[in-house]
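Worksheet: the structure to be examined is printed underneath.
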Amino acid sequence: MRARLALYSAQIEHEHREILLKDKHPTFLKISPKGTVPVLITKAGDLIEESMDIMKWALDNNDPEHLLSTSSDTYFNSFISIVDNNFKIHLDGYKYSRDDDKNKIKYRDEACKFLNELNLKLAKNNWLMANDPKICDLAILPFIRQFANVDNNWFSNQPWPNIHRWLNSFLESNRFLSIMYKYKKWEIGHSPIHIKKFSL
Ligand SMILES: N[C@@H](CCC(=O)N[C@@H](CS)C(=O)NCC(=O)O)C(=O)O
């Protein structure tokens with residue numbers, strides 16, 4: 001979702017190939033043996049295999065919403081790395097543990113430490129760094145959405161009014177609604193799915 005959001009904002013037309021994680025196409029694994037998505041191949045043939053690198057590449061090309069205007073901020077960088085190296089582990093543990101697994105709640109409690117902090121950081125502005133979204137919002141929101149979706153009822157009862165407002169603004173935005181299509185798994189011979197430029 002990070003990559004889709006950045007390509008949307010950068011208004012970069014591209015071909016989308018849906019990879020099924022349970023059944024990764026050999027062509028995909030040949031191109032990117034580490035086997036994680038997203039992966040982007042540029043027109044020049046360069047391979048970009050990390051979602052944050054795809055975001056930065058896309059927005060370095062075109063950034064009409066000035067999403068990168070805070071990207072050199074140490075606050076932004078440390079926040080993203082907490083999400084990628086720490087929160088994501090707790091999110092996956094919470095999301096993929098069975099309901100009767102006591103570790104599920106342990107993972108959720110760990111994730112809550114970050115969410116308590118996030119709620120405080122969102123008290124000042126509508127978005128994390130300003131009154132409009134920046135790359136750090138778009139890099140973090142997909143994971144907060146996943147966390148909320150594990151148990152929406154529990155999530156909406158937590159004392160996080162700023163996170164609720166922030167997540168809802170994102171979920172109701174044109175950007176989110178425009179990129180949230182589900183595509184059929186890519187196969188050789190399928191007609192290419194061309195993603196056209198959206199007007200922002
Ligand atoms: N650090 C990578 C992580 C990417 C990642 O873990 N993606 C997941 C899907 S959201 C994946 O491809 N997992 C591989 C699998 O489940 O086999 C990035 O942000 O690009």
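One-based numbering, in listed order, for ligands and for the atoms of each. Quick caveat, the model's predicted, so the values are computed rather than measured. One-based numbering along the sequence shown.
- Between the side chain of N131 and the backbone N or O of N126 there is at least one donor-acceptor pair closer than 3.5 Å.
- Sorted by chain then number, the residues whose non-hydrogen atoms approach ligand 1 to under 4.0 Å are L21, K24, G35, T36, V37, P38, E49, E50, S51.
- Under the 6.0 Å cut-off for aromatic ring centres, F147 and Y107 do not qualify, their centroids lying 6.0 Å or more apart.
- With sequence neighbours left out, the side chain to side chain contact (heavy atoms under 4.5 Å, CB included) criterion links R145 to M1, N149, L167, L171, F176, M180.
- Within 6.0 Å of CG on N152 lie more than 12 heavy atoms contributed by other residues, nucleotides or ligands.
- Here W160 and F155 bring their ring centres to under 6.0 angstrom of each other.
- For the pair E13/H194, no side-chain contact is recorded, criterion being any heavy-atom separation below 4.5 Å from C-beta on.
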